[in-house]
Amino acid sequence: MITSVMKRILFTSLIFTSFFVRAQEINIIPEPVSVKQTKNNAFVFINAGTPIVVDGDAFDKSVNFLNDYLTRFYRIKLRTTPTPIGNNVIRLTFSNPFTTVQNGYKLTVDGNGITIAGDNANSVFNGIQTLIQLLPAPGSSLRLPVPYCEITDYPRFSYRGMHLDCCRHFFPIDYIKKYIDFLALHKMNYFHWHLTDDQGWRIEIKKYPKLTQVGGWRNGTIIGRYPGTGNDSIHYGGFYTQEQIKEIVRYAADRYITVVPEIEMPGHAMAALAAYPYLGCTKGPYEVQQTWGVFDDVFCAGNDSTYTFLQGVLDEVMSLFPSKYIHIGGDECPKTRWKTCPVCQKRIKTEKLKDENALQSYFIQRIEKYVNSKGRSIIGWDEILEGGLAPNATVMSWRGEQGGISAAVQNHDVIMTPGDWCYLDKSQSEHEDSITIGGYLPVSKVYSYEPVPASLTADQAKHILGAQGNVWTEYIGNTKKLEYMLFPRMSALSEVLWSQKMNRDWSDFERRLLAEFRRYDLWKVNYSDAYFELNTSVLPDSNHDGILWKIENKFNKPMFMTFEGTDSTWGYNGPQLIQNTVKARGFFNIDNRTVEVKQNFYFNKATGKNIALAKEPSKNYPGDGAFTLVDGIQNDKGMDRPSQLLGFIGNDCDAIIDLGSPQYLSNVNFHTLKDTGNWIWPPKYVEVFISDDGKNFSSVKRSDDFSSTGRTNVVFKVNFGLVKTRYIRVLAKNTGVIPNGNPGAGYESWLFADEIEIN
Ligand code: ACM
Ligand code: ZN
């Protein structure tokens with residue numbers, strides 16, 4: 001019996017539904033090869049009575065995934081039948097629509113219902129992911145409209161991967177399943193599971209139980225960004241039992257996803273060494289590491305017992321993971337211990353190896369031979385190129401694209417994961433509040449990635465199997481943060497991997513991304529809304545009375561500003577003149593969220609004045625030109641906020657500032673960066689010159705004294721006796737070639753300039 005209240009609810013929800021139906025666009029991510037909406041406002045309505053028509057059990061994985069999704073998000077569960085009645089059906093069927101491409105499908109929604117036809121069961125599963133994205137988000141459990149359409153689709157790359165580091169932080173088995181679901185929903189097919197590292201060994205190995213008993217746990221973790229402000233002293237760890245691993249492999253296989261395990265060697269081995277110190281060159285004692293980075297203690301490459309141990313580990317790994325690929329790491333292995341270890345040196349002699357790089361190559365090749373003998377293949381990070389590539393190895397190119405290019409030229413398969421586009425541990429906003437590994441990788445940059453380097457020939461390009469997003473978890477301690485780092489960048493990457501190059505279109509992706517955000521809401525994932533963020537810039541004021549703060553949003557929404565110390569809110573109608581040191585905030589509202597940006601402005605005599613540079617900065621780090629140095633913004637985020645920096649490679653930063661009229665001054669502060677790990681060096685010195693005519697300058701002071709104001713931010717204070725002048729020249733001398741013993745030794749150093757302060 002339907003009560004009148006129920007009737008009213010039904011009635012309003014029908015009105016709501018039909019209104020919603022008309023507005024329902026097709027927004028698939030990743031973009032299919034071809035999408036045709038065949039009839040406007042015509043829909044097939046899925047409801048609890050809609051059967052899935054299947055003959056036999058070939059499509060069980062698709063049926064289960066779809067039903068799981070429908071149950072979870074719409075509280076509908078569909079039954080299967082071999083013989084349909086009527087047209088309100090979802091038909092899964094084999095066909096052979098594509099002869100030259102793997103895993104293609106055709107999805108048709110019309111008067112005969114919904115049909116997904118694929119050349120194999122995996123193809124149909126891909127089609128299921130598209131069907132899921134045709135559903136409204138959110139939607140009513142009474143009936144789910146699916147627009148009439150014809151979709152033809154197949155993947156561009158055969159390797160479409162996501163990686164997860166479960167060593168720096170541990171993620172429980174239930175969440176690994178959720179992660180795998182995210183992959184499936186994005187038509188990704190490889191999960192690279194990073195299981196061993198310096199900070200924890202996460203896979204149970206029955207032959208070597210101490211790996212998890214000892215190596216699975218650390219006695220604390222640094223607090224904050226490396227090198228940290230202390231240690232939390234919390235016993236931390238965990239591991240996956242072999243039963244759990246099998247469960248995950250099965251769960252992934254049910255979604256046509258291959259799990260590629262990574263067992264790191266010869267570096268990143270501290271957790272293994274802590275468990276079995278005989279595996280190291282010095283024999284320990286060793287500890288599971290509590291901080292991040294690269295450690296000198298690695299597996300001894302000379303001792304046969306190292307290889308026996310690793311083969312024992314790999315035996316169990318290969319019995320757990322059916323994957324053709326076994327990832328053996330190979331990255332970031334210092335040769336420090338090997339250089340002084342008699343056993344390693346003896347190995348170099350007896351194997352007639354050139355040096356320690358060749359020893360690493362020997363190590364990897366010996367392991368490769370073992371893995372190959374079991375019918376499997378290795379993947380290694382691009383360091384495995386050094387000293388000679390193992391004959392059958394696939395290279396994962398992470399230090400840029402060059403490793404991948406070299407490997408492809410040598411006819412080796414390649415998976416691209418270059419840090420600048422594929423490392424989802426970087427910040428996705430220049431105003432990021434949480435700690436990240438550093439660097440700036442917005443969703444638009446992920447989207448712009450092209451996995452096939454232009455320099456490869458067509459034959460070499462065939463070796464680029466695809467690409468992968470890497471999620472290192474030093475600063476990702478929980479699943480909320482993990483989702484924040486993943487979304488929406490993973491969605492952008494899925495399109496890089498799946499969609500045809502000619503179908504890649506950022507502005508069209510932006511339109512579909514808005515629908516994707518509603519899907520994230522439906523899934524209750526904690527995505528980043530950095531995409532919505534305000535673009536900000538500072539412009540010179542023509543009268544030099546201050547600076548102009550400009551804010552913009554992509555959505556033509558009205559914007560507002562507030563300034564600390566006043567209660568009023570300004571409606572924004574153009575760049576706002578700012579004349580004093582102040583904390584400013586700009587914001588707008590969209591989709592029930594307030595998007596805001598905060599900016600502190602620091603005023604001094606140079607702020608907003610005319611400035612000219614003797615030499616232009618590098619094209620890669622142009623900031624907003626010379627004005628960046630006097631725009632009132634002090635960059636407090638180093639390279640995480642590159643738009644606020646001018647970068648000079650090999651060159652000096654040499655600026656002349658016109659104060660407009662002679663003024664008294666006694667101090668110049670030059671704000672710069674020191675990040676020698678990234679080849680960024682502070683200037684050798686900063687020298688200040690003054691002039692009344694802007695032509696003839698005399699030096700007043702040179703200073704090589706600087707102090708730290710942030711993790712990588714430093715300031716040179718140049719103090720001198722009171723002078724009166726109109727023109728000031730500030731010369732920051734590039735330190736020149738990077739000295740030996742430092743990252744980038746022998747190359748020209750980078751000099752970064754942020755702000756010039758005159759007091
Ligand atoms: C890596 O990021 N060390 C492969
Ligand atoms: Zn050794």
Side-chain angles (χ1 to χ4, degrees), residues 161-165 167-168 192-199 226 260 262-270 272-273 276-284 286 292-307 309-310 327-351 353 355-356 359-360 362-364 366 379-386 394-404 414-426 436-439 441 467-476 677-678 743:
M162 283 296 296
H163 148 286
L164 183 64
D165 168 11
C167 303
R168 275 49 178 265
H192 171 173
W193 204 0
H194 186 76
L195 287 165
T196 76
D197 215 305
D198 299 304
Q199 297 79 8
Y226 179 86
V260 178
E262 182 182 357
I263 307 296
E264 270 271 18
M265 60 189 83
H268 288 295
M270 291 298 286
L273 300 191
Y276 297 101
Y278 74 88
L279 297 168
C281 291
T282 65
K283 313 299 174 204
Y286 305 108
W292 321 127
V294 171
F295 301 89
D296 281 341
D297 286 300
V298 302
F299 288 119
C300 177
N303 204 331
D304 277 323
S305 60
T306 299
Y307 300 95
F309 164 83
L310 286 170
H327 201 307
I328 50 78
D331 61 319
E332 299 181 320
C333 178
K335 311 298 188 287
T336 320
R337 294 288 180 263
W338 294 358
K339 281 184 181 152
T340 56
C341 169
V343 194
C344 284
Q345 289 304 313
K346 185 163 167 236
R347 177 75 64 181
I348 288 178
K349 270 213 192 76
T350 54
E351 298 292 334
L353 303 172
D355 56 12
E356 288 76 19
L359 182 58
Q360 154 128 354
Y362 165 86
F363 190 114
I364 301 293
R366 186 161 163 177
I379 300 178
W381 300 109
D382 58 56
E383 284 93 333
I384 67 168
L385 282 150
E386 294 162 9
T394 296
V395 171
M396 211 168 244
S397 189
W398 72 281
R399 296 174 304 174
E401 299 172 282
Q402 193 49 49
V414 172
I415 296 153
M416 284 297 199
T417 64
D420 284 353
W421 294 275
C422 295
Y423 270 46
L424 306 191
D425 54 352
K426 294 174 189 266
T436 72
I437 200 92
L441 177 56
Q468 176 175 287
N470 289 347
V471 186
W472 301 102
T473 59
E474 284 91 339
Y475 304 105
I476 303 177
N678 288 314

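In each ligand, atom 1 is the first atom listed, and ligand 1 is the first ligand listed.
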Within 45° of the axis and under 6.0 Å from the centre of the six-membered ring of Y307, does NZ or CZ of R366 qualify?
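Verdict for Y307: a cation-pi partner in R366.
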Aromatic plane relationship, Y278 with F309 - under 30° parallel, 30 to 60° tilted, over 60° perpendicular
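Rings of F309 and Y278: perpendicular, over 60°.
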Exactly one of L195, D331, D198, V298 should register a side-chain contact (heavy atoms from CB on, under 4.5 Å) with E264. Which one does?
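Exactly one pass, corresponding to D331.
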Of H268, E262, R399, which meets side-chain contact (heavy atoms from CB on, under 4.5 Å) against W381?
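Answer after filtering H268, E262, R399: E262.
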Salt bridge check: are K335 and E383 linked by an N-O gap of less than 4.0 Å?
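No.
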[X] to [Y] - nearest heavy-atom pair and separation:
X	Y	value
V414	T394	N-CG2, 4.1 Å
Q360	P266	OE1-CG, 3.8 Å
G438	K426	O-CG, 3.2 Å
C300	V343	SG-CB, 4.3 Å

From the Zn ion (ligand 2), how many protein N/O/S atoms are found at a distance short of 2.8 Å?
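My tally for this metal is 4.
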Sub-3.5 Å pairs, protein N or O with ligand 1 N or O:
{"residue": "ligand 1", "atom": "2 (O)", "partner": "Y423", "partner atom": "OH", "Å": "2.6"}
{"residue": "ligand 1", "atom": "3 (N)", "partner": "D331", "partner atom": "OD2", "Å": "2.6"}
{"residue": "ligand 1", "atom": "3 (N)", "partner": "E332", "partner atom": "OE1", "Å": "3.3"}

